Amino acid sequence: MTETNWHWFYVACMAAGALLFVLWSRDPKRVPQYEYAIAIFIPVWSGLAYTAMALDMGTIEVAGRTVYLARYLDWVVTTPLLLFALGSTGMFFRPLDKTTLATLMGLDVVMILSGLLADLSTEPTQQWFWYITGCVCLALILSILWGRVRREAYAHNEEIGKAYTKLAGYFTLLWFGYPLVWALGPSGLGVLGNDVALFVILPIFSKVGFSIFDLYELRKLAPKYPDLDEEDPRARRRQTAAGSAE
């Protein structure tokens, strides 16, 4: 397949994923609607970014290499949302730890922009400095996901903890693929002559694949808590507290 065909294939997969999540949102099974909104927005935005690449837009040449700016525009928006989705699953039906989620998302933005700066670098020293900076951010992200967030998940409910652990394992495996492909591809060591196919396959599984897995687990868990509203559980708790005070 040509690069253009790979990109259009990706767009088709994103469209199919968004449609699936729209259909699921009509029968939410007590899963909060914001979970569906995030799952829908991710493939829509990512599909638009790859549409630009399929139309031969969003790329520049740096030191004889093609830098896919549209790819980074995709990642800097969608990957923080994926982290939010995973983190909120670990905090399912509990008040969201905004500080932890903001930290995860902030580290992610630094990681993505570091990758972009590495891709734009013309000197190897600069290039690998930014690459290592991004890897350090990824390590910090994973330490929070497997530390604080996982502990919170199990502290609340063992079943939620097990579901979160499966999702975090899937997430971690795929996210390790990104720096590996980058390092071996044209932007890094050049072992891989072309990384386009891998940067199509990886995001399909890490975006639509992850969201399917995540919503599937939540749709199994949510009906087991019939006393909780489908909407924001924090609002329900405030209403309960107000009623008790009266």
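Computed from a predicted structure; not experimentally measured. This chain uses plain numbering: 1 for the first residue, then up along the sequence.
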### Message
Tell me if a side-chain donor or acceptor on Ser211 pairs with a main-chain N or O of Val208 at a distance below 3.5 Å.
### Response
no
### Query
Checking Thr103 side chain against Thr99 main chain: does a donor-acceptor pair fall under 3.5 Å?
yes
### Query
Of all residues at least two apart in sequence or in a different chain, which pass the side chain to side chain contact (heavy atoms under 4.5 Å, CB included) check with Glu158?
Tyr154, Lys162
### Task
Could you tell me whether the side chain of Asp195 and the main chain of Leu198 form a donor-acceptor pair under 3.5 Å?
no
### Message
For the aromatic rings, using the six-membered ring if either is Trp, is the centroid distance between Tyr36 and Trp24 under 6.0 Å?
### Response
no
### Task
Give a yes or no on whether a salt bridge exists between Asp119 and Arg71, defined as a side-chain N under 4.0 angstrom from a carboxylate O.
no
### Task
On the 0 to 90° scale, with breaks at 30° and 60°, tag the Tyr178-Trp75 ring pair as parallel, tilted or perpendicular.
perpendicular
#### Entry: Any side-chain heavy-atom pair of Ile201 and Trp6 under 4.5 Å
yes
### Query
Any sub-3.5 Å donor-acceptor pair from Tyr50's side-chain atoms to Ala70's backbone N or O?
no
### Query
Is there a donor-acceptor contact under 3.5 Å from the side chain of Glu217 to the main chain of Tyr164?
no
### Query
Under 4.5 Å between any side-chain heavy atoms of Leu83 and Leu145, yes or no?
yes
Just list the side-chain donor-acceptor pairs under 3.5 Å for residues 121-128, sequence neighbours left out, or say none.
unit_1, atom_1, unit_2, atom_2, d
Ser121, OG, Leu117, O, 2.6
Gln127, NE2, Ser187, O, 2.4

### Query
Within a strict 4.5 Å, meaning less than it, do heavy atoms of the Phe199 and Tyr10 side chains meet?
no
### Task
Return yes if some donor-acceptor pair links the side-chain N/O of Arg94 with the main-chain N/O of Glu152 below 3.5 Å, else return no.
yes
### Message
Checking Gln33 against Ser25: is there a side-chain donor and acceptor pair closer than 3.5 Å?
### Response
no
### Task
Report yes or no: does His7 contribute a side-chain atom to a donor-acceptor pair with the main-chain N or O of Glu3 at less than 3.5 Å?
yes
### Query
Hey, is the main chain of Gly115 close enough, under 3.5 Å, to the side chain of Tyr72 for a donor-acceptor pair?
yes
### Query
Within the distance-only criterion (no hydrogens, no angle test), does the side chain of Trp45 pair as donor or acceptor with the backbone N or O of Leu73 below 3.5 angstrom?
yes
### Message
Just so I know, are the side chains of Thr79 and Met105 near enough to count as touching, which here means a heavy-atom distance under 4.5 Å?
### Response
no
